[in-house]
Amino acid sequence: MTDEMKINAIQREKYLSKGYWKDITLLDCWKESVKKYSEREYVVDDRGNRHTYSQIDVLSSRIASYLKDMGIVPGDCVSFQVPVWSEFIVIAIGCLKAGAVMHPIAMCYEEPDLIHAMNKADTKIYFGTAWFRGKDYEARLLAVMDRIASLRHVVFLDSLGPVKGGFTTYREILETYGPLPKEEYGRMDGLCVALILGTSGTTGSNKGVMLTHSNIIFSEEQFNRELGLDENDIMFMPAPLNHATGFHHGIIAPMLLGAKVVLQQKFKCPEAIELMNREKCTYSMGSTPFIYDILKYLEKEGGGIGSLKFYLCGGAPVPEDMVLRASSFGICLCEVYGSTESVPHVFVRPQEALTLKERTSGRPLEGIQVRAVDERGRDVAPGTVGEEISRGPNVFVGYLKDREETDRVLTDDGWFYSGDLCVMDEAGNIRIVGRKKDMIVRGGENLNSNHIDEAMEGCPGVADHAVIGMPDERLGERICAYVVPEQGVSVSLEQVLTFMKEKHVPKRYWPERLEQIKEIPRTGSGKVKKYLLLEDLKKRG
């Protein structure tokens, strides 16, 4: 993969000279944490598993022994399709010890996605759960194995159902392999690719984002430092671990500190609150729907989460009233912004969450540059809408086997063009106002769908909502609102328009069509899959 990486030479020397990039790997960081915090708990999950750093060290070394025995050499790719379980972490660290590139795959991947992702990554070994939520994942993989040319071996976790095809099981590896000796660990360096993450796929496409050890270590060390976290902090993570939020902030950030992470395999609000209280979680991070549900539950049922200092909220803009509601329960709600390619690099500092005059995504981490630019890449004035671009030691080094797409968004001098529209103030805080693709062009007027979505917040009877542009022969596009009604309630377009009128929302932002749906389709990081809503709209006619 080295020949596919795109790293600006001047920026590389700058990052190395400033110490942003170091000659260490994630494995070096892991060994240091095990040495310092051997008997501290590292991971707890909602399936009853509790593991210290030393216990994860032994388990992952057995996985590494298997990988080496199966012929894995540094730079080979290992794919794993595992839920938010402690086993995910064991496999990931086992990959680090063998020198393998980690390639976590979303649980939602169907046959075409598996074929595309693993062929692109040249996957040598696949780990997966045989069953999950009543679905036969073994049968799914069996259907595509012969179309993944590089795949040599398959391992299944059998905790939720039997493995029928005679494959090696995760349990068998732990029972039959001894820990890999340290002198046999795979050798890598900080600028080697450590991880391939699939993009969220809000447009229906999925790319493999290459991230180096140095990218990830810088991102999480800086994040921990600016949040003031230490080994006594406890992270609650309900988001998928194959996304940047779950992987970087749920697994790596606590590990660098010797801290603990508490995993919930599927977010369920009452159970999440109980789990956070029982484990005394001090912070969490996830998409807006998670904290929305938590606040709604606390307001209705009472109680609180006394240990929770702050909740970092990404994936979508955070309404101002939600920040105030969270504060009433002692939770500091801070918006975070970033992407898989430029892992959350802008955020609201907890001490500033209630004092900022306007809703904002915050300002960049130290060492990361952010600009708002026009179509020609020129800086726009403060207060003017422009495309958000970023450059820094956290920015990815290219899309796997897709140089054309890499060059389209990552310039030769290291700037990543996000495709997101923002407004920057004089202090460097940015406010995300939508995607370039989120603009609804109605009769020649550009209307931001996220702005309309925000205006609908708080509408009685509406549990969730999303706004898209629907094709129109005369005007080009019109405004269509998708709503998820609260249980036992029906919502009409007239009700929404009355609400917006009472809020004095300008008429040009009023939806012209309303569709009810059971659930707004979102990525694991909380972004709305608008292409699915457009497909649904075509079917509805």
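The residues of the chain are indexed from 1 along the displayed sequence. All values reported here derive from a predicted model rather than from experimental measurement.
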Listed by chain and number, what are the side-chain hydrogen bond (donor to acceptor under 3.5 Å, both in side chains) partners of S328, not counting sequence neighbours? none

Donor-acceptor pair, T129 side chain versus F132 backbone, under 3.5 Å? no

With no hydrogens and no angle check, is any side-chain donor or acceptor of S79 less than 3.5 Å from a backbone partner on M118? no

Can you name the side-chain contact (heavy atoms from CB on, under 4.5 Å) partners of V44, sequence neighbours left out? E41, R50, K260, V262, E279

Among residues at least two apart in sequence or on other chains, which ones pass salt bridge (charged side-chain N to carboxylate O under 4.0 Å, His left out) with E220? none

Qualifying residues under salt bridge (charged side-chain N to carboxylate O under 4.0 Å, His left out), relative to D420, sequence neighbours excluded: R435

Would you confirm whether S327, through its side chain, and V323, through its main-chain N or O, come within 3.5 Å as a donor-acceptor pair? no

Tell me, please, which residues at least two apart from R376 pass side-chain hydrogen bond (donor to acceptor under 3.5 Å, both in side chains). none

Who pairs with N450 by side-chain hydrogen bond (donor to acceptor under 3.5 Å, both in side chains), at least two apart in sequence or on another chain? none

Take K538 and E535, measure what salt bridge (charged side-chain N to carboxylate O under 4.0 Å, His left out) needs, and give me the verdict at the end. CA-CA 5 Å; K538 289 178 184 176; E535 289 175 8; over 6 Å; no

Mark yes or no for whether E387, through its side chain, and G419, through its backbone, hold a donor-acceptor pair below 3.5 Å. yes

Close aromatic pair by centroid cut-off 6.0 Å: Y283 and Y311: no

Should R47 and S86 be marked as a side-chain hydrogen bond (donor to acceptor under 3.5 Å, both in side chains) after you check the CA-CA gap, both sets of side-chain angles, and the distance that decides it? CA-CA 9 Å; R47 304 167 74 224; S86 57; 5.6 Å; no

Mark yes or no for whether K503, through its side chain, and A455, through its backbone, hold a donor-acceptor pair below 3.5 Å. yes

Enumerate the ring pair (Phe, Tyr, Trp, His ring centres under 6.0 Å) contacts for residues 318-340, please, sequence neighbours excluded, ordered by first and then second residue. Y337-H345

Is there a donor-acceptor contact under 3.5 Å from the side chain of S219 to the main chain of V343? no

Ignoring hydrogens and angles, tell me if any N or O in the side chain of Y137 forms a donor-acceptor pair with the backbone of V82 under 3.5 Å. no

Inter- and intrachain pairs under ring pair (Phe, Tyr, Trp, His ring centres under 6.0 Å), touching residues 472-521, at least two apart: H451-Y509

Listed by chain and number, what are the ring-ring contact (aromatic ring centres under 6.0 Å, His included) partners of F347, not counting sequence neighbours? F223

For Q81 and A106, indicate whether the former's side chain and the latter's backbone hold a donor-acceptor pair under 3.5 Å. yes

List the residues meeting side-chain hydrogen bond (donor to acceptor under 3.5 Å, both in side chains) with D472, not counting sequence neighbours, and say none if there are none. R478

Set of residues satisfying side-chain contact (heavy atoms from CB on, under 4.5 Å) with respect to N215, sequence neighbours excluded: W21, L211, T212, V397

Classify the ring geometry between F167 and F156 as parallel (under 30°), tilted (30 to 60°) or perpendicular (over 60°). perpendicular

Contacts of type salt bridge (charged side-chain N to carboxylate O under 4.0 Å, His left out), residue R133, not counting sequence neighbours: none

Look at the side chain of D425 and the backbone N and O of P382, then say whether any donor-acceptor pair between them is shorter than 3.5 Å. no

Ionic contact status for K296 with E486, cut-off 4.0 Å: yes

